[in-house]
Protein chains: 2
Amino acid sequence: MQQDLKSELTKQLIIDKAFTLFYENGFKTTSIDKIMKETTLSKGAFYHHYKSKKALGLEVISLKVQKRVLDGMVYPLEETGDALDILEHIFITRLKSFKIYEKEHGCPMNNLINEIGDHELAYQLALKQIIETWKSALIKLIERGKREHTIKPNVSSAAVAVYLISAFEGIRGIRKLYKDDTILEEYVSGLSLYLKQLQA
Amino acid sequence: MQQDLKSELTKQLIIDKAFTLFYENGFKTTSIDKIMKETTLSKGAFYHHYKSKKALGLEVISLKVQKRVLDGMVYPLEETGDALDILEHIFITRLKSFKIYEKEHGCPMNNLINEIGDHELAYQLALKQIIETWKSALIKLIERGKREHTIKPNVSSAAVAVYLISAFEGIRGIRKLYKDDTILEEYVSGLSLYLKQLQA
DNA sequence: AAATAAAGATACTACTTAGTATGTTTTTTT
DNA sequence: AAAAAAACATACTAAGTAGTATCTTTATTT
């Protein structure tokens, strides 16, 4: 196989397996050995492509974790239509569409924020960048809603954005503790109310 | 020293040091050796009092972590006065009163929820119980607010309770990524708005 | 085709981990 | 005061950890 392509495929394979193991079992308790066992490649292969576990962690965050948030929570905000409807759709419909697997294991980003968000500046920056991108996209949509008179003008867009993100990440952690969706439905109900009150 | 008192003091010492290390460095990366080095006692002493690290973790949750939440977030809900004022005071004033240390390291309970909330049923149950207690106390206060006509009657108390808890835990994780309080102030602003809209 | 470099494998080091076995010291019971 | 039990200490085991050194295999360049 062509060398640069082979190298790229191997790195992607490592990143994919690493992401899944980090998500299911946590970052710190996932060893390079466990990751490479999943890829059926060797430890030598890993250290040929990455200089350390930290370097891998950063790539997993900036590639896999970021992509998930962008695809699921950011790009959909850029659609056309009523701003509040879009918010409702993303924060509620999407939450309800999660598989049991995703409900059990929470949000990959939030898991990392709480596990390693205060340990290394590099992780902090990589994770913060995702949050900032998300927040900016939310603010942009809320501002549009104000201009189009579907959202009350006298609310701080940044405040609403931060409050929406906080509650969403919070509930994804808390849901892990439960075996059914009651708590999710209560969150959805609380959020619906919140969004209705933003209506112009 | 009297034996049962000595035993109790040693266990308390271990739990205290364990809580701090779990909080600062995470549960999984805190070893029994590190904990016992802090106590200046030996590993033998540890395994005389606890049968495993898991047993210690459960005691830390049900004693230290639970106590913190009860003292800071639950008991104050039982005070007399306007229900919304109490909510505002606890969720806002308290958040602002946190030391840099607590802002940097987030919420001990939320850290544990996200680090080990999906790993062991026993941890899940212990953490869930704290959330349920908190939620019940919030519902009780909101119900009182409705009876006293300070809170709108047509909102679901459980939904509001869950939404408040979610956002609070969420922001305490997210704050870890930042070096200043801007994000906290935006959260507070978003929450203020939310509470005002609950006013009867 | 030969030389070179990248990709990957194997075997290691030095260290950390939870937990155990067995010892000594301190307190309590008789 | 002697015996028993609890509190604690020391030294270990077996398994796991990140990372390195050195090898073989595969692809690229000349």
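Note that the structure is a prediction, hence the values are computed from the model and not measured. Chain identifiers are assigned alphabetically (A, B, ...) following the order of the sequence lines, protein sequences preceding nucleic acid strands; residue numbering begins at 1 within each chain.
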Worksheet item: Can a cation-pi geometry be assigned to Lys11(B) and Tyr50(B), taking NZ or CZ under 6.0 Å from the six-membered ring centre and within 45° of the ring axis?
Response: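 Yes, a cation-pi geometry holds between Lys11(B) and Tyr50(B).
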Item to complete: Using the ring of Tyr47(B) (Phe, Tyr or Trp, six-membered ring only), decide whether Lys53(B) places NZ or CZ under 6.0 Å from its centre and within 45 degrees of its axis.
Response: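 Judged by the rule, Lys53(B) and Tyr47(B) form no cation-pi pair.
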Is it the case that one hydrophobic cluster holds both [X] and [Y], taking links as side-chain heavy atoms less than 4.5 Å apart, direct or via other members?
{"X": "Leu177(A)", "Y": "Ile139(B)", "result": "no"}
{"X": "Tyr23(A)", "Y": "Ile116(B)", "result": "no"}
{"X": "Ile131(A)", "Y": "Tyr75(A)", "result": "yes"}

Worksheet entry | Check: Asn25(B)/Lys28(A) side-chain N/O donor and acceptor closer than 3.5 Å |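 Distance-only check fails for Asn25(B) and Lys28(A).
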Discussion item. Side chains of Asp33(A) and Ser31(A) only: does a donor on one sit below 3.5 Å from an acceptor on the other?
Written reply: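 Asp33(A) vs Ser31(A): no donor-acceptor pair found between side chains.
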Heavy atoms only, 4.0 Å cut-off, all strands: where does [X] land among base, sugar-phosphate and nothing?
{"X": "Thr39(A)", "result": "nothing"}
{"X": "Lys43(A)", "result": "base"}
{"X": "Lys34(B)", "result": "sugar-phosphate"}

Discussion item. Below 4.0 Å from chain B heavy atoms, what is the first contacting nucleotide of DNA chain D and what is the last?
Written reply: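 With heavy atoms of chain B under 4.0 Å away, the range is dA6(D) to dT10(D).
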Worksheet entry | Most 5' of Lys53(B) and Ser7(A) on DNA chain C, judged by nearest nucleotide |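 The residue closer to the strand's 5' end, by nearest nucleotide, is Ser7(A).
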Worksheet item: Quick one: which of Ile14(B), Leu13(B), Thr20(B) gives a side chain to side chain contact (heavy atoms under 4.5 Å, CB included) with Lys17(B)?
Response: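 Answer to the side chain to side chain contact (heavy atoms under 4.5 Å, CB included) test with Lys17(B) among Ile14(B), Leu13(B), Thr20(B): Leu13(B).
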Worksheet item: First contact, last contact: which nucleotides of DNA chain C are these for chain A, 5' to 3', heavy-atom distance under 4.0 Å?
Response: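 With heavy atoms of chain A under 4.0 Å away, the range is dA6(C) to dT10(C).
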